[in-house]
> 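I'd like to ask you about the structure that follows.
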Amino acid sequence: MNKYSLYINGKFVETKEKQNIINPSTGRVIAEASVASLKEVELAISSARAAFDKGPWRNLSLLERKAYIFKIAQGILDNAGELAALESANTGKPIKEATFMDIPSSAKSFEHIANNFESYLQAEVVNVNNEANAYLSRESAGVVVLIVPWNYPLLIACWKLASALAAGNTVILKPSSLTPVSVLELAKIINNAGLPAGVVNVINGSGSIVGEALCADKRVDMISFTGSNEVGRHILEYSSKNVKKSIMELGGKSASLVFADTDIDVAVNSSLCSIFLNQGQMCTAMSRIFIQDEIYNRFVDEFVKKAKRIKLGSSDNHETQMGPLISDAQRKKVSAFLEKAKAEGAKVICGGKIPESIELKNGYFFEPTVIIEVNPKMHIFKEEVFGPVVILGRFSNVEEAVELANATDFGLACCIWSSNVDFAKELSRRINSGTCWINTYGMFYNELPYGGVKQSGFGKELGKEGFLEYTRLKNIIVDQSFDSKPLVNYWYGF
Ligand code: NAD
């Protein structure tokens, strides 16, 4: 069984308190990880602070930093098979998903930043007037705390780390205590890449103790958080006592609008992915799909027929199309949402329960679930379930579609399905969301900033804008007065 230590100030630190790491496909223990106490929090913050204030990292040439970032990307690629197996075993996501999506995308996020951050950091000259020459300079933000959730543990950590490191910051990374394995493996890769001590610190521990102590500390300059709204709001409250920048990537209740002129087969197949990939545990899950009246019955029939064919199984089986939920607690949460929806009048037409198969009995599996007859007043219409549960609703015209899509407090993503792309592009402007996919789903690019609006949060990941989140903007003004004496020189008339 693998044993994992924390990574602080360039050393692997074992703590007294240990935690079992569970494989949600089987309920079995797969690893043991050290758990941080406030002592390790203190050590991590002081190390990151010293490495920022006194260490070489932020003063390295961009070329030197670039070489380190490339080394991390290469380290991920060199260990891709093992990382995919561990990520899959720890999260329950099918090995196919971890192999082809999570791990290569994690390496690519470092590669992309290494190739582009120099141009992202270019100072911008601003035309003010003749007496001054002014420009905007980008500097490192400082010590950054990165807090990540359990649904894409390595990938989301890499999105944040690549930008934070390239921008010259030092970091403390806290994975979810349900899924620390891949990130603690990444610590080994970072250590092998030879980054100076204290630049990256990885500590596993509870959100309410370790996470809170990290985010509340005055020596931390910035928080980059991805997780639930409840925790995000809480962090904003207590971290505000020591004013600091934060970016918040929170939940979603995204809508997909399927118009009658679309290719139904393509829309059905992609819509299945848009809710059942990663067992529906995706912030951008299209958990509300609205279909135009003319094709509603056909779409629903096809969707349900195919949802029933999705192959549930152990995450390490290459044939598995859907794994277990992350924990028994998460499965209970999903069941409770369904019970409430039924009590409020919704109808379950597919799934809705724990599968009966003997092979799945020890894992936290839940059937792909489709519900209909849901209205905007119901809890399930408004709240994020974070599981394999989709609402199929209907609309008759564009106005109704827009109203339904926007009838939520969230604003993360949306899909529009229509053969009239000009119409879809125009319509995308009316949906409150940070991303709009037209005739596709789930295409993320390192070049494109990603993030939500409304209750889905603020700030961006990825792209130039996502990178720049991890910098501070300074304006620099050089006096250019014609007689070479600064204008302020004359203020007191001396
Ligand atoms: P969570 O909020 O429970 O936990 C997220 C992280 O916060 C974990 O590392 C946890 O240990 C830590 N944490 C918990 N309490 C804390 C506290 N008081 N102070 C500091 N840190 C604390 O979320 P989760 O259950 O791990 O993930 C699911 C949620 O994440 C969903 O709501 C999902 O929509 C959201 N999510 C959003 C995005 C996005 O990009 N917008 C991406 C993935 C997941």
Side-chain angles (χ1 to χ4, degrees), residues 19 24 33 35-36 38 41 90-91 93 102 105 109 145-160 172-180 182-184 202-217 220 223-240 244 246-254 275 277-287 325-327 329-331 333-334 337 383-387 408-413 433-435 442 444 448-462 466 469:
Q19 175 208 344
V35 177
L38 292 180
V41 170
N90 193 181
T91 59
K93 65 178 72 204
D102 298 53
S105 303
S109 54
V145 163
L146 312 174
I147 300 206
V148 297
W150 46 257
N151 62 336
Y152 288 92
L154 186 68
L155 181 57
I156 294 178
C158 289
W159 283 1
K160 293 181 189 298
I172 305 161
L173 169 59
K174 196 202 90 57
S176 161
S177 49
L178 288 172
T179 55
S182 55
V183 161
L184 290 169
V202 183
I203 59 176
N204 173 48
S206 98
S208 56
I209 299 171
V210 168
E212 191 151 339
L214 288 172
C215 296
D217 201 287
V220 168
I223 301 166
S224 173
F225 173 78
T226 300
S228 64
N229 284 63
E230 192 191 347
V231 172
R233 267 195 302 270
H234 187 49
I235 292 177
L236 286 174
E237 271 170 35
Y238 67 72
S239 68
S240 68
K244 57 178 59 113
S246 54
I247 62 172
M248 291 278 145
E249 305 292 345
L250 308 176
K253 191 78 195 178
S254 299
I275 179 65
L277 266 183
N278 210 33
Q279 297 69 249
Q281 301 167 138
M282 300 179 289
C283 49
T284 54
M286 293 293 140
S287 50
L325 301 189
I326 190 70
S327 64
Q330 187 65 15
R331 184 166 66 173
K333 192 175 141 201
V334 171
F337 261 115
E383 292 169 25
E384 185 184 44
V385 176
F386 221 56
T408 154
D409 287 340
F410 294 105
L412 197 52
S433 69
T435 292
F444 285 88
L448 286 177
Y450 158 77
V453 298
K454 296 172 71 186
Q455 296 293 304
S456 291
F458 51 83
K460 296 288 179 189
E461 301 273 19
L462 305 180
E469 295 283 7

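Order of appearance sets the numbers: ligands from 1, and atoms from 1 within every ligand.
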> Just going by heavy-atom distances, which of Gly452, Cys283, Ser254 is nearest to atom 36 (N) of ligand 1?
Cys283
> Under 4.0 Å from a heavy atom of Asn151: give me the atoms of ligand 1 that qualify, with their elements.
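So the atoms of ligand 1 that pass are 43 (C), 44 (C).
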> Nearest protein heavy atom to atom 10 (C) of ligand 1, by residue and atom, and its distance?
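Looking at atom 10 (C) of ligand 1, the protein heavy atom closest to it is Lys174 NZ, 3.8 Å.
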> Measuring centre to centre across the rings, with the benzene-like ring taken for any Trp, is Tyr152 within less than 6.0 Å of Trp159?
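No, the ring centres sit 6.0 Å or more apart.
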> Using distance alone, determine whether Trp150 and ligand 1 share an N or O pair under 3.5 Å.
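Yes; at least one N/O pair falls below 3.5 Å.
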> Which is closest to atom 22 (C) of ligand 1 in terms of heavy atoms, Ala213, Gly207, Gly252, Gly205?
Gly207
> If you measure from each heavy atom of Leu178 to ligand 1, is any distance below 4.0 Å?
no
> For Leu236, look at atom CG and say whether over 12 heavy atoms of other residues, nucleotides or ligands are found less than 6.0 Å away.
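Yes.
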> Rounded to the nearest 0.5 Å, what separation is found between the CD atom of Glu249 and the CD atom of Glu461?
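Those atoms lie 4.5 Å apart.
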> Does ligand 1 have an atom under 4.0 Å from some heavy atom of Tyr152?
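Tyr152 does not count as a contact of ligand 1 under the 4.0 Å cut-off.
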> Which of these, Gly434, Gly451, Gly227, Ser456, has its nearest heavy atom closest to atom 35 (C) of ligand 1?
Gly227
> Answer with yes or no whether Pro175 contacts ligand 1, where contact means a heavy atom under 4.0 Å from a ligand atom.
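So Pro175 counts as touching ligand 1.
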> Indicate yes or no: at least one non-hydrogen side-chain atom of Lys174 is less than 4.5 angstrom from one of Leu146.
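Answer no - side chains too far apart.
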